[in-house]
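Written below as structure tokens is the structure these notes are about.
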Amino acid sequence: MSFTQNLPEWKAEGIEPSETQKQTGFQPGMKPPAQWFNWVFNWTYLALKELQEKAAEKSIVDLAIKDIQDDVLQNQDYAEKEFGKLSDRLDTSERSEVTLQPGLQVIQGKRNAPFNLNSIKGKTLVNLLGRVGGCEFITGWTKSTSATIELSTTNVNSGSNSFKVTQGGTAGPIYVRTPASEMANVDPSKYYIAIAWIKNETTQSFSTRLVTVDGSVAISGAKSGTILAGASGLVWRAYTPTEMGNNMKAYMDVYTAGSVATGAAFYIDSYRIYQISADEYSALETDMTAEQIAAKYPYVDSVQPVRNPYAIRYGENLLPPFYEWSVGTQKFVLNGPYDATRTATASGGGTSINLPVVTGQDYTLSYESSDVSGGYINFRFLNAEGIGIGSWSPANALVQTMAAPENATHIQVLATGTVTGAFTFKNPMLTIGTTAKPFKPREDAMLALQTDLYADPLTGTNADEVFEKDGQYFKLKKWYKVDLNGEKIISAVKSHKVGYTTVYPKLDGTSYDYASMTATAAVKYDGKILTWGSHETAADGWAIDKLNSNFAFSISNADSGWGDAYTPTTDEIKAYFMGWKMGVQGGNRTAPYEGTGSKVWYKITMVTVNGSATLQLSDRVLDAVPSVFAGTDSVGTTYTPYQLVYQLATPTVEPITSEGQLTLIEGNNQVEVGTGIVLREPNTAGLYSNTYYLNDTVYGKPLKYKVSDILAIFRNNQRDYKWTIYSGNNQYGNKKASLASDKYDPSATYAVTYFMLDKSPAAPFVGSVPDNEKSLLTDLIQDVQQANARISVVESKKAERDSPAWITPTLLNSWVRHSTARPTLRYYKDSQGVVHLEGVIRSGVVTSGTALCNLPVGYRPALTVSCISYSSNGTTVAMGLIDVLNDGTIQLGTTGTPTFYNGLMFIALSFLAEQ
């Protein structure tokens, strides 16, 4: 309610009475001065005026009070809710599921957090063309009449080589066909896809097709993909059971019906034929791009699982330090990891780095330059062939942003300049997105596993699976793999047929408990897929005999060298499975041995792959049966043993070697999921001309697998950045490493982490990340507990290795402990991996070659080792060799004409365990 009375206006200010007067007031008889009254009336007026101007009505005050009370209640509710949220974040664990797909991708992280792996499931690809589709050798391939084929080390899609095909004297259609010896065995009731890679430098479009066994009729398939003139990529064609007709075998072509001009050329690589499901056939073309087809059905040799899977989250700064960049023609001096000076005597000639990118993603580069007008960093995008797409980003700009265009696979970042002089670059930063960010060095995070993960090749069911428990990764193993090295054969029955021999080998320490004959696969030494159950009727068949615990293989005379008139011995069967072909001395190396003449054994690769190459002494063995693995021939081709894969009737669980912890950062994460990483494999360096080499087949020792790229070199388990990694001569694969002799430590142990050249299928990493503080705290506590547990285990194992216990084997062939006063035959392995063997025994069979006992896997030498033993019959002492074979057998030696007694035999030997 507003005021209704007018103010008693009084503006004369008057004079204020004294404080004393104010206290005593007016007294009777006083005549107060007028100015005092003026002062009282003026102050009363001013006070009432202020009250009217500033006072509020009660209703307004009440409403204001109510508003304040409401605000207090709302703030209280908000505070209680926020406190509840905070309580939930601290009391309730919340996680988000994350699936990292094969290939390169960008995913968003809510916060910096670890990735917890829940599962990786296996996958198996079976290339029905075996190993021939890798286009590493021309032998056996056919072509149109006027075409020529040559090996090429450029424009390679897989492996080390491709085929360069050139049209000859007459223009016209052209095709290149797989060898007759490697026709694919197909089931006309199934679905198939045929795929190859081509770089087309002609004016015609190319396709692929399956061809009937007589080579005269193309098998029609409605779904297909072609490569146009001047383009690169996949050609493919898929087939339904109806389209397959009654065909049981097929060739594969890459071809064009158009007229290819004389002299025009194209490159081909990576032929493969896969059996697929009806659902996979339906998804082709409608749901999958060519890139997705390539990712799902990569080229593999013969049979490949998910091998050594990894996931790498690249740093927020995608650029590595300058010392990992490729140096150009101008001097480039490192002042620090991200600080370098270019001293140029001419323009151009920059220092560069190529990094993988995601198509359509924005990338921003920022850096510092001492003079950006003369020395600058910029970038462009590259396609799969390394050819630039579009233009370079703006030169002379300290911040640059561009999006990766279609078909881009890499970004090339270049530090260069346009004028002579010295220019310093600092703190280059390449990030995802359109915003430049403050500099930080690259810090990648990686999880890598060393294991093979198989599954049913067609359905993907019954897959091996990785899981984590108490900080350790394990595999639920449902599939079993055998590398059939003849050294493992302990016996072999044989049955000779016309044109082939069927053998039934038993292998030491092998499980024959397979689940189903349909869940099996076998690959011959040359990559050919063997046929289950045909071992009694034709060559290149196989089977497993669960009842008698052996395998069965039918081997052609052309492969083995055993003629129809000759039955091989067990040792000769072992030699075949170690990579040796039998023959007759003085004859053609392809001719079989028929039972007469002196024997010779050739490395199989010098008959099949390098049959026209000159034989060296190391490529053959005369008279005596070879007892060692054939390995690499004089041309450089390595023998690959038979490989068998089958589903186990009863799955097992086994631990997996792993390295690293995958983490995600807040914001954009560029993550790569793939296969084929090998962790810290020891390698022996070789010296030549004051330089040491790793992965060198001549001056050092090759790594176990062909190398695609070397990621890191370790010296005594510490990263060693001094090595130069490059492509040169004599490397096993595509890369090797070198180091000046004055920087090499001969007392150190060197190891290499690298990517394998041979491809294998990839599988998703399925896991989760914490969404709140409770989850992060729980993960941290679990990690600490698990780390402490692992440290305890390591300490216990170290203590066991430092003070190992003696192991007593089972003595064979009537040998027993000599007496309680002397130790029986026993052994242990020390912390350096050296096996120590000693003991005194008696009373056994003393025939040369008699087995005394067997050593288990992990305690065996790589090659046979021997020691001198002393034996006695009580009156005479004899010396003879004791042999420890690489299959673990400890036996009385067979060298010369040894003498052994069984009254007492003393044995003492030490050797390095390598198996």
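Checked against the 6.0 Å centroid threshold, Y750 and Y744 count as a close aromatic pair. Side-chain rings of F553 and Y642 approach one another, their centers coming within less than 6.0 Å. Centroid-to-centroid, the aromatic rings of W141 and F163 come within less than 6.0 Å.
Applying the salt bridge (charged side-chain N to carboxylate O under 4.0 Å, His left out) rule to pairs touching residues 628-640 yields nothing, sequence neighbours excluded. Within the structure, salt bridge (charged side-chain N to carboxylate O under 4.0 Å, His left out) contacts touching residues 734-753 (residues at least two apart or in different chains) are D696-K736, D709-K735, R715-D745.
By the side-chain hydrogen bond (donor to acceptor under 3.5 Å, both in side chains) test, W723 pairs with D720, sequence neighbours left out. For I529, the side chain to side chain contact (heavy atoms under 4.5 Å, CB included) partners are V126, S302, V303, V523, not counting sequence neighbours. Under the side chain to side chain contact (heavy atoms under 4.5 Å, CB included) criterion, Y705 pairs with V678, Y754, M756, not counting sequence neighbours. In this structure, the side-chain hydrogen bond (donor to acceptor under 3.5 Å, both in side chains) partners of S634, at least two apart in sequence or on a different chain, are D619. In this structure, K701 has no salt bridge (Lys or Arg N to Asp or Glu O under 4.0 Å) partners at least two apart in sequence or on a different chain. A search for side-chain hydrogen bond (donor to acceptor under 3.5 Å, both in side chains) contacts involving E672 returns Y310, Y314, not counting sequence neighbours. Every residue meeting the ring pair (Phe, Tyr, Trp, His ring centres under 6.0 Å) condition with F551, not counting sequence neighbours, appears here in chain and number order: Y512. Listed by chain and residue number, R307 satisfy the side-chain hydrogen bond (donor to acceptor under 3.5 Å, both in side chains) test with Q304 (two or more places apart in sequence, or in another chain). With sequence neighbours excluded, the residues that form a salt bridge (Lys or Arg N to Asp or Glu O under 4.0 Å) with E659 are R680. Qualifying side chain to side chain contact (heavy atoms under 4.5 Å, CB included) partners for V628, counting only residues two or more places apart in sequence or in other chains: L863.
By the 4.0 Å N-to-carboxylate-O rule, D526 lies too far from R131 to be salt-bridged with it. A salt bridge is absent between D464 and K121: the closest approach of a Lys/Arg side-chain nitrogen to an acidic carboxylate oxygen does not fall below 4.0 angstrom. Under a 4.0 Å N-O distance rule, the pair D483/K488 does not qualify as a salt bridge.
Taking the side chain as every heavy atom from C-beta outward, Y454 and V645 approach each other to under 4.5 Å. At least one side-chain heavy atom of L447 sits under 4.5 Å from a side-chain heavy atom of L117. Looking at K475 and L453, their side chains come closer than 4.5 Å, going by heavy atoms from C-beta outward. The closest side-chain heavy-atom distance from Y267 to T154 is below 4.5 Å. F474 is not listed as a side-chain neighbour of V466, based on a closest heavy-atom distance of 4.5 Å or more. By the 4.5 Å heavy-atom criterion applied to side chains, K123 and K296 are counted as neighbours.
S738 and T724 share no side-chain donor-acceptor pair at under 3.5 Å.
Judged by distance alone, with hydrogens and angles left aside, the side-chain atoms of R589 form a donor-acceptor pair with the main-chain N or O of G611 at under 3.5 Å. Side chain of S560 to backbone of I555: no donor-acceptor contact under 3.5 angstrom is found.
Minimum interatomic distance between N734 and G159 (heavy atoms only, all atoms of both residues): ND2-O, 4.3 Å. Closest of all the heavy-atom pairs between S658 and L679 is C-CD1, 4.4 Å. Taking every heavy atom of both residues into account, A519 and W479 meet most closely at O-CZ3, 3.4 Å.
The local environment of NZ in K481 is crowded, with over 12 non-hydrogen atoms from other residues, nucleotides or ligands closer than 6.0 Å.
Judged by the 6.0 Å distance and 45° axis criteria, K829 is positioned over the aromatic ring of Y859.
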Candidate pair F629 and Y639, rule ring-ring contact (aromatic ring centres under 6.0 Å, His included), full reasoning:
CA-CA 9 Å; F629 190 71; Y639 171 77; 5.6 Å; yes

